[in-house]
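For the numbers below, each heavy atom of this structure counts, side chains included, while hydrogens, waters and symmetry mates do not. The residues of the chain are indexed from 1 along the displayed sequence.
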Amino acid sequence: MSRHLLHLIHQGRKLTVVAGYDRPLRELYLHVIHDNDADPHQEEAFVYDSLGDPGLDWTDINTVADKLASLGIEPPASLIEGIFLDQCFNVGNRLVEHHFDRPSVVLHAG
């Protein structure tokens, strides 16, 4: 499974976008998580979880882009492109962190 991360502040809240390609399922996934710095022992609060939205076509990269847009999140192009390429080349075990102001960083390319 590939994972693409994006940390941002959206509407005054710290969010983390986690998205990627799940090779065994041959589907894309998307999680938007509210980061809670106040209590590190508190569970992650999902703003959005694609597992709860099975009616969408998670084999189409546009679903990821459209869902982020509907949440008011405009990711850097490298995030959508990276996920799409992972899907095209059946990539797994890849971890990439994306940034708005600098190039993305591959943290693991196993």
Side-chain angles (χ1 to χ4, degrees):
M1 178 181 308
S2 71
R3 292 182 64 177
H4 293 261
L5 308 173
L6 175 66
H7 301 283
L8 67 144
I9 297 177
H10 178 65
Q11 298 178 345
R13 299 173 68 188
K14 288 183 179 181
L15 299 178
T16 299
V17 172
V18 181
Y21 177 65
D22 186 326
R23 281 194 303 187
L25 295 177
R26 295 183 178 199
E27 289 187 347
L28 306 170
Y29 68 92
L30 172 65
H31 306 291
V32 179
I33 304 163
H34 176 244
D35 292 336
N36 187 354
D37 292 334
D39 185 359
H41 302 290
Q42 184 177 356
E43 288 189 33
E44 298 171 331
F46 279 88
V47 174
Y48 180 78
D49 181 359
S50 59
L51 291 175
D53 221 348
L56 297 178
D57 181 3
W58 291 105
T59 63
D60 185 348
I61 189 63
N62 292 314
T63 301
V64 175
D66 293 346
K67 182 49 70 172
L68 286 170
S70 75
L71 294 169
I73 298 171
E74 186 177 334
S78 65
L79 184 126
I80 300 299
E81 181 180 315
I83 296 167
F84 178 70
L85 291 173
D86 289 352
Q87 182 182 29
C88 289
F89 295 109
N90 200 31
V91 172
N93 299 325
R94 184 169 182 232
L95 177 60
V96 182
E97 188 170 60
H98 297 268
H99 305 277
F100 289 102
D101 57 349
R102 60 184 192 270
S104 57
V105 177
V106 176
L107 301 173
H108 181 67

Could you state the interatomic distance from [atom1] ([X]) to [atom2] ([Y]), rounded to the nearest 0.5 Å?
X   : Y   : atom1 : atom2 : value
N62 : L56 : CG    : CG    : 12.0 Å
I33 : K14 : CD1   : NZ    : 15.0 Å
I73 : L6  : CD1   : CG    : 8.0 Å
H31 : L5  : NE2   : CG    : 11.0 Å
D86 : R23 : CG    : CZ    : 10.0 Å

Practice item. Using the ring pair (Phe, Tyr, Trp, His ring centres under 6.0 Å) rule, collect all pairs that involve residues 68-106, keeping only residues at least two apart or in two chains. Key: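 Only H4-H98 qualify under ring pair (Phe, Tyr, Trp, His ring centres under 6.0 Å).
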Review point. Do L71 and H10 come within less than 4.5 Å of each other through their side chains, counting heavy atoms only?
Key: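 Side chain of L71 against side chain of H10, heavy atoms only: no contact under 4.5 Å found.
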Review point. Do R26 and Y21 come close enough that some side-chain heavy atom pair is under 4.5 Å?
Key: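 Yes, close enough: below the 4.5 Å cut-off.
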Review point. Heavy-atom count around E97 CD within 6.0 Å, excluding the residue itself: above 12?
Key: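 More than 12 heavy atoms, drawn from other residues, nucleotides or ligands, come within 6.0 Å of this atom.
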Side-chain heavy atoms under 4.5 angstrom apart, residues restricted to Ile, Leu, Val, Met, Phe, Trp, Tyr: same cluster for [X] and [Y]?
X   : Y   : value
L95 : M1  : yes
I61 : V17 : yes
Y29 : F46 : yes

**Study point:** Main-chain N/O of L30 paired to W58 side chain as donor or acceptor, under 3.5 Å
**Key:**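 No, W58 side chain to L30 backbone: no donor-acceptor pair under 3.5 Å.
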Review point. Okay, side chain of E27, backbone of D22: is any donor-acceptor separation there less than 3.5 Å?
Key: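 No; judged by distance alone, with no hydrogens or angles, the pair does not exist.
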Exercise for review: Only counting residues at least two apart or in another chain, list the ones meeting ring pair (Phe, Tyr, Trp, His ring centres under 6.0 Å) with Y48.
Suggested key: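 Checked Y48 against ring pair (Phe, Tyr, Trp, His ring centres under 6.0 Å); zero matches.
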Practice item. Applying side-chain contact (heavy atoms from CB on, under 4.5 Å) between V32 and each of L15, T16, L8, report the one that passes. Key: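 Testing V32 for a side-chain contact (heavy atoms from CB on, under 4.5 Å) against L15, T16, L8 leaves exactly one candidate, L15.
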Practice item. Taking all non-hydrogen atoms of both residues into account, name the closest pair between Q87 and T59 and its distance. Key: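 Heavy atoms of Q87 and T59 come nearest at NE2-O, 2.7 Å.
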Review point. Where do P54 and G52 come nearest, in terms of heavy atoms and distance?
Key: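 Heavy-atom minimum between the residues: CD-C, 3.3 Å.
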Check your understanding: Where do L68 and I80 land on the side chain to side chain contact (heavy atoms under 4.5 Å, CB included) test, with the steps shown first?
Key -> CA-CA 10 Å; L68 286 170; I80 300 299; 4.3 Å; yes
Exercise for review: Step by step, work out the side chain to side chain contact (heavy atoms under 4.5 Å, CB included) result for V91 and L85.
Suggested key: CA-CA 8 Å; V91 172; L85 291 173; over 6 Å; no
Exercise for review: Quick one: list whatever passes salt bridge (charged side-chain N to carboxylate O under 4.0 Å, His left out) with D60, sequence neighbours left out.
Suggested key: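 For D60, no residue satisfies salt bridge (charged side-chain N to carboxylate O under 4.0 Å, His left out) once neighbours in sequence are set aside.
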